[in-house]
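Have a look at the structure below before the remarks.
Just so you know, these numbers use all the heavy atoms, side chains as well, and skip hydrogens, waters and symmetry mates. Note that the structure is predicted; figures quoted are calculated from it, not measured.
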Amino acid sequence: MRIIVADCSARYTGRLNASLDRAKRVLLIKADSSCLIFSELGSYKPLNWMTAPCTLHESVPQCSGNERAVNTGIVEAAEVDAADVAGDDALDDGCIPEKVITVCADKSDDVLAIDLWHIYSDQMHELGIDPGLVKDGVEDHLQHYLAEQIDRIGKGARLVRREYPTAIGPVDIMAIDAEGNHVAIEIKRHGGIDGVEQLTRYCTLLNRDPLLTPVRGIFAAQTITPQAKVLAEDRGFHCLILDYESMKHAESDTLTLF
């Protein structure tokens with residue numbers, strides 16, 4: 001990872017034309033040559049960027065004559081015309097940038113040209129292999145714990161299976177309640193109207209099967225919007241709020257050898 005702190009300006013040309021006026025910013029250049037430009041304030045997202053696959057070239061413009069190309073350590077530098085790359089800023093008072101970084105998309109004509117007017121810091125860091133983000137409380141975890149604690153939908157309920165297959169996709173959980181009726185459960189972290197519509201499609205299809213009907217629906221989520229709750233109850237579904245922390249630390253009733 002290369003991290004550059006510099007006064008810079010930038011221009012993006014291609015599918016969208018955009019520009020950044022000169023200001024102090026942070027540039028992140030990854031090993032795959034992708035480049036991201038960040039500012040101190042505002043959104044966590046970069047102001048502008050070029051993602052891989054792409055090719056990065058770096059040059060040091062000169063006031064006159066041929067430029068002196070340099071090696072970035074990521075790709076071999078290419079000679080860049082200072083007048084073309086530096087843009088109008090380079091013409092002010094005869095000033096030109098210290099360096100010019102040009103990142104070209106490999107599969108399109110998109111180009112991100114960055115003029116570095118003053119470089120405060122330019123450092124390389126070897127980050128190594130990242131193990132990746134481990135998320136806690138995703139829908140799969142909610143499904144796992146509810147399947148283990150199926151009595152949360154009602155005393156005497158029994159699990160049929162997780163990911164119950166249908167012609168239009170798997171139902172998160174299929175269960176049987178104390179009265180012997182099938183129950184289709186749709187699980188979301190944050191329940192909205194789309195989730196209710198999804199459960200509606202499953203129940204409509206499942207109730208056509210004489211071996212399963214009647215099938216009732218339960219819409220289960222950590223949070224459910226008021227609009228989704230009204231729609232679910234209007235269609236005869238029960239809304240179940242899932243307390244993930246409580247489910248996570250509850251003892252399972254599943255029999256084990258040890």
Side-chain angles (χ1 to χ4, degrees), residues 1-64 66-127 129-130 132-133 135 138 189-190 192-195 197 225:
M1 176 78 72
R2 184 181 178 189
I3 303 174
I4 302 173
V5 180
D7 291 334
C8 70
S9 57
R11 293 165 314 288
Y12 193 104
T13 57
R15 289 169 294 179
L16 174 69
N17 294 335
S19 62
L20 290 171
D21 291 336
R22 182 171 173 176
K24 190 175 183 178
R25 300 185 178 97
V26 175
L27 280 66
L28 298 184
I29 302 175
K30 299 184 179 181
D32 60 5
S33 295
S34 57
C35 181
L36 303 92
I37 305 173
F38 291 91
S39 64
E40 177 76 20
L41 302 176
S43 172
Y44 64 90
K45 294 182 179 179
L47 298 171
N48 213 329
W49 64 91
M50 179 70 76
T51 58
C54 57
T55 303
L56 185 147
H57 302 287
E58 183 176 343
S59 69
V60 178
Q62 300 297 312
C63 293
S64 62
N66 296 329
E67 309 101 29
R68 176 169 48 89
V70 298
N71 194 318
T72 66
I74 298 177
V75 295
E76 186 175 343
E79 292 186 356
V80 181
D81 189 304
D84 291 339
V85 177
D88 294 338
D89 290 332
L91 302 178
D92 297 342
D93 300 324
C95 178
I96 63 171
E98 292 183 18
K99 289 184 180 181
V100 175
I101 294 176
T102 306
V103 192
C104 304
D106 289 351
K107 296 184 178 180
S108 69
D109 295 329
D110 291 17
V111 176
L112 175 62
I114 307 169
D115 301 330
L116 305 181
W117 299 96
H118 179 72
I119 300 172
Y120 299 94
S121 175
D122 187 349
Q123 298 180 337
M124 291 287 296
H125 298 273
E126 181 60 47
L127 301 185
I129 299 175
D130 192 286
L133 178 66
K135 296 182 179 180
V138 296
R189 289 187 65 239
H190 304 294
I193 288 178
D194 289 347
E197 295 289 359
T225 65

Review point. To the nearest 0.5 Å, how far apart are CG in Leu27 and CD1 in Ile101?
Key: 6.0 Å

Study note, to complete from the structure: Closest heavy-atom pair, Leu36 versus Lys30, reported as atoms and distance to 0.1 Å, is CD1-CE, 4.2 Å

Check your understanding: Do the side chains of Leu20 and Arg25 get nearer than 4.5 Å, heavy atoms only?
Key -> yes

Exercise for review: Indicate the atoms forming the closest heavy-atom contact of Leu28 with Met1, along with that distance.
Suggested key: CB-SD, 4.2 Å

Exercise for review: Over all heavy atoms of both residues, which pair between Thr102 and Cys104 is shortest? Give the atoms and the distance, please.
Suggested key: CG2-SG, 3.9 Å

Study note, to complete from the structure: So CG of Leu112 and SG of Cys35: to nearest 0.5 Å the spacing works out to 5.5 Å

Exercise for review: Identify which one of Asp7, Ile119, Val60 satisfies the side-chain contact (heavy atoms from CB on, under 4.5 Å) criterion when paired with Glu98.
Suggested key: Ile119

Study note, to complete from the structure: The single option from Asn48, Asp110, Asn17 that satisfies side chain to side chain donor-acceptor pair (under 3.5 Å) with Tyr12 is Asp110

Check your understanding: Does a side-chain heavy-atom distance below 4.5 Å link Pro97 with Leu116?
Key -> no

Check your understanding: Considering all heavy atoms of both residues, which atom of Asp122 and which atom of Arg2 are nearest to each other, and what is their separation?
Key -> OD2-NH2, 2.7 Å

Practice item. Might you work through the side chain to side chain contact (heavy atoms under 4.5 Å, CB included) test for Arg11 and Asp115, ending with a clear yes or no? Key: CA-CA 9 Å; Arg11 293 165 314 288; Asp115 301 330; 3.1 Å; yes

Point to revise | Atom pair CE (Met50) and CD1 (Ile29), whose distance is rounded to the nearest 0.5 Å | key: 12.5 Å

Practice item. Identify the heavy atoms of Ser34 and Ala52 that sit nearest to each other, and give their distance. Key: CB-N, 3.8 Å

Review point. Checking Ser39 side chain against Leu41 main chain: does a donor-acceptor pair fall under 3.5 Å?
Key: yes

Review point. Is Asp109 atom CG crowded by more than 12 heavy atoms from other residues, nucleotides or ligands, each under 6.0 Å away?
Key: no

Practice item. Taking all heavy atoms of Ala6 and all of Tyr120, pick out the closest pair and write down the distance. Key: CA-CD1, 3.8 Å

